[in-house]
Student: 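Would you mind keeping the following structure in view while I ask a few things?
Numbers for residues simply follow the sequence, beginning at 1.
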Amino acid sequence: MARRLQPRQGDETVVISRGVEGPAELMDLFRTIEDMHREARASKGTLKITAPSGRSVALPDSVSSLLEVIICRLVEEDKVSVVGTGKELSTREAANLLNVSRQYFSRMLNEDRIPSHNVGSHRRVYVRDVLDFKAKRDAKRRRQLDELTQLTEEFGGYDAERR
């Protein structure tokens, strides 16, 4: 039996971890939703969820895509966090989100690479600012990796090592 999660009023964060369902059942659910989403897009319709009472609701593409991502993460036995973008994070939480040390993150704040503000004597950042920085950083890394791959191919890269 699946657990129902209800965020507390005023709580912007919900953490979902794998419940009683096993990876096989979750994978079946993921495939079913993925197929239904694909069919709905092909017919220019929307994915609908229907309750046993017969009442149904259409899900916007953004919600059904998010549902696919959540189930996929749960299949991989990962945890999923849903966080409001207006939520404030401590420097420790933000550093963990970026997978950097708190000291390095504080240096980034000192260099104004990410906007921050003080709450009393503590610095805080908004989730949206950290995620924006992360998206730009990741895009830059992908571009650099693509350039490196291209250079490696142009110079015979991996083939030259075999000789």
Side-chain angles (χ1 to χ4, degrees), residues 1-31 33-34 37 47 59-163:
M1 178 196 260
R3 286 188 243 162
R4 276 186 117 174
L5 293 174
Q6 199 74 16
R8 287 171 290 184
Q9 196 163 11
D11 187 6
E12 298 173 328
T13 305
V14 177
V15 177
I16 304 168
S17 58
R18 196 163 69 67
V20 179
E21 307 88 0
E25 292 88 358
L26 285 169
M27 193 63 201
D28 288 343
L29 177 61
F30 172 74
R31 287 187 182 126
I33 289 176
E34 186 179 45
H37 193 196
L47 182 63
L59 297 179
D61 279 349
S62 59
V63 173
S64 56
S65 295
L66 182 60
L67 193 55
E68 288 178 25
V69 171
I70 291 170
I71 294 169
C72 184
R73 292 287 146 247
L74 293 175
V75 166
E76 294 172 356
E77 298 188 15
D78 199 359
K79 289 186 179 179
V80 176
S81 294
V82 178
V83 180
T85 58
K87 181 177 179 184
E88 293 180 345
L89 298 176
S90 68
T91 53
R92 166 72 56 212
E93 293 168 325
N96 289 342
L97 186 59
L98 293 176
N99 200 25
V100 298
S101 71
R102 190 194 57 76
Q103 293 83 359
Y104 180 73
F105 185 76
S106 292
R107 224 177 308 139
M108 291 168 52
L109 295 180
N110 292 340
E111 297 168 358
D112 292 326
R113 293 168 63 187
I114 298 175
S116 67
H117 58 280
N118 287 334
V119 175
S121 61
H122 301 281
R123 286 200 283 195
R124 296 287 183 256
V125 294
Y126 288 110
V127 169
R128 67 177 162 260
D129 294 329
V130 175
L131 293 178
D132 185 47
F133 173 84
K134 184 178 185 308
K136 289 176 184 173
R137 179 193 69 180
D138 293 349
K140 181 180 176 183
R141 286 178 175 176
R142 276 191 297 278
R143 280 192 311 274
Q144 290 172 332
L145 187 57
D146 288 345
E147 289 172 14
L148 184 61
T149 302
Q150 184 180 359
L151 284 172
T152 302
E153 289 174 358
E154 286 175 9
F155 290 108
Y158 301 111
D159 293 334
E161 287 181 10
R162 294 183 195 163
R163 293 181 208 155

Student: Would you mind telling me which of Arg123, His117, Arg124 makes a side-chain hydrogen bond (donor to acceptor under 3.5 Å, both in side chains) with Glu88?
Tutor: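 Answer to the side-chain hydrogen bond (donor to acceptor under 3.5 Å, both in side chains) test with Glu88 among Arg123, His117, Arg124: His117.
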
Student: Distance check, rounded to the nearest 0.5 Å: Arg107 atom CZ versus Arg102 atom CZ?
Tutor: 11.0 Å

Student: At what distance, to the nearest 0.5 angstrom, does CZ of Phe105 lie from CG of Leu97?
Tutor: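 Going from CZ on Phe105 over to CG on Leu97, the span is 8.5 Å.
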
Student: Would you call Asp132-Lys136 a salt bridge at under 4.0 Å N-O?
Tutor: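 Yes, charged N to carboxylate O under 4.0 Å.
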
Student: Could you walk me through whether Lys134 and Asp138 satisfy the salt bridge (charged side-chain N to carboxylate O under 4.0 Å, His left out) test, starting with their C-alpha distance in whole Å, then the side-chain angles of each, then the deciding distance to 0.1 Å, before giving a yes or no?
Tutor: CA-CA 6 Å; Lys134 184 178 185 308; Asp138 293 349; 3.1 Å; yes

Student: Search all heavy atoms of Val63 against all heavy atoms of Leu59 and return the closest pair with its distance.
Tutor: CG1-CD2, 4.0 Å

Student: Please give me the minimum heavy-atom distance between Gly86 and Tyr126, naming the atom from each residue.
Tutor: O-CD2, 3.2 Å

Student: Looking at side-chain heavy atoms only, is the closest gap between Ile114 and Leu109 below 4.5 Å?
Tutor: yes

Student: So which heavy atom on Leu98 is nearest to which on Met108, and how close?
Tutor: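 Closest approach of Leu98 to Met108: CD1-CE, 4.1 Å.
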
Student: Any idea which heavy atoms bring Ala94 and Val130 closest together, and the distance?
Tutor: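 Shortest heavy-atom separation between Ala94 and Val130 comes out as CB-CG2, 4.0 Å.
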
Student: Tell me, yes or no, whether the heavy-atom count around Asn110 atom CG, taken from other residues, nucleotides or ligands under 6.0 Å, exceeds 12.
Tutor: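 Correct, the count exceeds 12.
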
Student: Take Asn96 and Glu93 through the test side chain to side chain contact (heavy atoms under 4.5 Å, CB included) and record every step on the way to the result.
Tutor: CA-CA 5 Å; Asn96 289 342; Glu93 293 168 325; 5.7 Å; no

Student: Hey, what do you get for OG (Ser101) to CD (Gln103), rounding to the nearest 0.5 Å?
Tutor: 4.5 Å

Student: Would you say that Leu151 contacts Glu154 through its side chain, given a criterion of any heavy-atom pair below 4.5 Å between the two side chains?
Tutor: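 Answer yes - side chains close enough.
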
Student: Can you tell me how far the CZ atom of Arg141 sits from the CZ atom of Arg137, to the nearest 0.5 Å?
Tutor: 4.0 Å

